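Okay, so here's the structure we're looking at.
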Amino acid sequence: MRNRAVIVVMLAVAVLMLGLLTRADYGAALDAAIARHLTWPDGAGPAPLIAFMQAISWIGGGTPRWVLVGLIAAAVRFWGGRRPALAIVAAVLFANIASSLLKAAFDRPRPDLIAHLDHVSSASYPSGHATSAAALYLTLALLAPVQWRRATWTLAVLMIGFTGLSRIMLGVHWPSDIVGGILLGAAFALTAAWWAQPERAGLA
């Protein structure tokens, strides 16, 4: 249990340290260089690709995010029981609260490399979309029965990766925002999965 707590604390410290570095503009040149390679001048990229990235972002934010969380939690309740289902919801809920508090604390401006291709209304660090994706899909993968573990880990990698990439390509986040969000979501996913583990033992 102590090792688990140490990992979560290390993830939390990494999120805070990265946030402080972004506030000090340390690594800003690298952030901008990566972002420029993943965006198009004036947002004039391939329309189908932009539409796909906008769809990924739409799924990962606002009302669609919570509908998806509810559906996944219902499925987990069916095969895993009440505790793992609650862990899914709690991980995403508390991760989002933490993300909002950190956004307010760091108050990092959004990228201005291109016109934003998605609506945004909050600060930039950490990415709420990346936080939610990591919290949701990592918790699911950590709690999945053995026979579904490969599929859920593949889903987690794809959805976290595409979500983070979409936020950069749409011009609304710096790469470091995505890294911070994933680390934050991972901390909550690990905590939630460990809390649910007593019931998971009978599923594996």
Side-chain angles (χ1 to χ4, degrees), residues 15 18 22 28 30-76 88-89 91-93 95-96 99-100 102-103 108-144 148-186 188-189:
V15 172
L18 183 57
T22 64
L30 178 60
D31 237 0
I34 295 172
R36 285 193 184 95
H37 278 90
L38 295 174
T39 54
W40 306 276
D42 301 320
L49 182 56
I50 292 176
F52 174 73
M53 291 301 170
Q54 288 173 329
I56 292 292
S57 279
W58 179 80
I59 291 170
T63 300
R65 169 197 297 161
W66 295 111
V67 171
L68 183 61
V69 169
L71 291 173
I72 290 176
V76 171
I88 293 280
V89 176
V92 182
L93 176 61
N96 271 272
S99 175
S100 296
L102 289 171
K103 282 177 180 287
R108 187 186 195 187
R110 295 275 180 168
D112 57 0
L113 300 177
I114 64 171
H116 294 167
L117 300 177
D118 192 24
H119 174 72
V120 290
S121 59
S122 60
S124 195
Y125 182 90
S127 165
H129 281 69
T131 300
S132 295
L136 175 59
Y137 297 109
L138 288 178
T139 305
L140 176 63
L142 288 167
L143 293 176
W148 294 346
R149 204 163 292 167
R150 179 176 295 180
T152 53
W153 274 107
T154 300
L155 176 67
V157 170
L158 289 176
M159 289 306 298
I160 294 170
F162 276 127
T163 298
L165 186 61
S166 75
R167 304 307 286 166
I168 300 172
M169 294 180 75
L170 296 176
V172 295
H173 273 296
W174 300 105
S176 56
D177 299 335
I178 305 304
V179 174
I182 292 173
L183 293 175
L184 181 62
F188 281 93

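None of these values were measured; they are calculated from a predicted model.
No hydrogens or angles considered: nothing links the side chains of N96 and T131 as a donor-acceptor pair under 3.5 Å.
Under the 4.5 Å side-chain criterion, counting only non-hydrogen atoms from C-beta, Q54 is not in contact with D118. Between T39 and L117, the closest side-chain pair of non-hydrogen atoms is not below 4.5 Å. Between M159 and L136 there is no side-chain heavy-atom pair separated by less than 4.5 Å. Residues Y137 and L158 fail the side-chain proximity criterion, which asks for heavy atoms closer than 4.5 Å. The shortest distance between side-chain heavy atoms of F188 and L138 does not fall below 4.5 Å.
Here the side chain of H173 pairs a donor or acceptor atom with the backbone of S124 at under 3.5 angstrom. With hydrogens and angles disregarded, a donor-acceptor distance shorter than 3.5 Å links the side chain of R110 to the backbone of S122. Under the 3.5 Å distance criterion, the side-chain polar atoms of T139 are matched with a main-chain donor or acceptor of A135.
Across all their heavy atoms, S99 and P126 have their closest contact at OG-O, 3.7 Å. Scanning both residues, A189 and A134, for their nearest heavy atoms gives CB-O, 4.0 Å. Here the closest heavy-atom approach between residue A73 and residue V89 is recorded as CB-CG2, 3.7 Å. Residue I114 comes nearest to W40 through the heavy atom pair CG2-O, 3.1 Å, listed as atom of the first residue, atom of the second, then distance. In terms of heavy atoms, G180 sits closest to L18 at N-CD2, 3.7 Å.
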>> Before you tell me yes or no, could you show the steps for L142 and W153 under side chain to side chain contact (heavy atoms under 4.5 Å, CB included), namely the whole-Å CA-CA distance, both residues' side-chain angles and the distance that decides it to 0.1 Å?
In response: CA-CA 8 Å; L142 288 167; W153 274 107; 3.8 Å; yes
>> Would L165 and M53 count as a side chain to side chain contact (heavy atoms under 4.5 Å, CB included) here? Give the steps.
In response: CA-CA 8 Å; L165 186 61; M53 291 301 170; 3.8 Å; yes
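Taking CD1 of I178 as the start and CD1 of I168 as the end, the distance is 5.0 Å to the nearest 0.5 Å. Interatomic distance, Y125 OH to W174 CH2, rounded to the nearest 0.5 Å: 15.0 Å. Separation of atoms CD1 (I160) and OG (S132) is listed at 11.0 Å; rounding is to 0.5 Å.
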In a table with atom names and distances, give each donor-acceptor pair under 3.5 Å that connects a side chain of residues 55-64 to protein atoms at least two apart or in another chain.
residue, atom, partner, partner atom, Å
S57, OG, S166, OG, 2.9
S57, OG, R167, NH1, 3.1

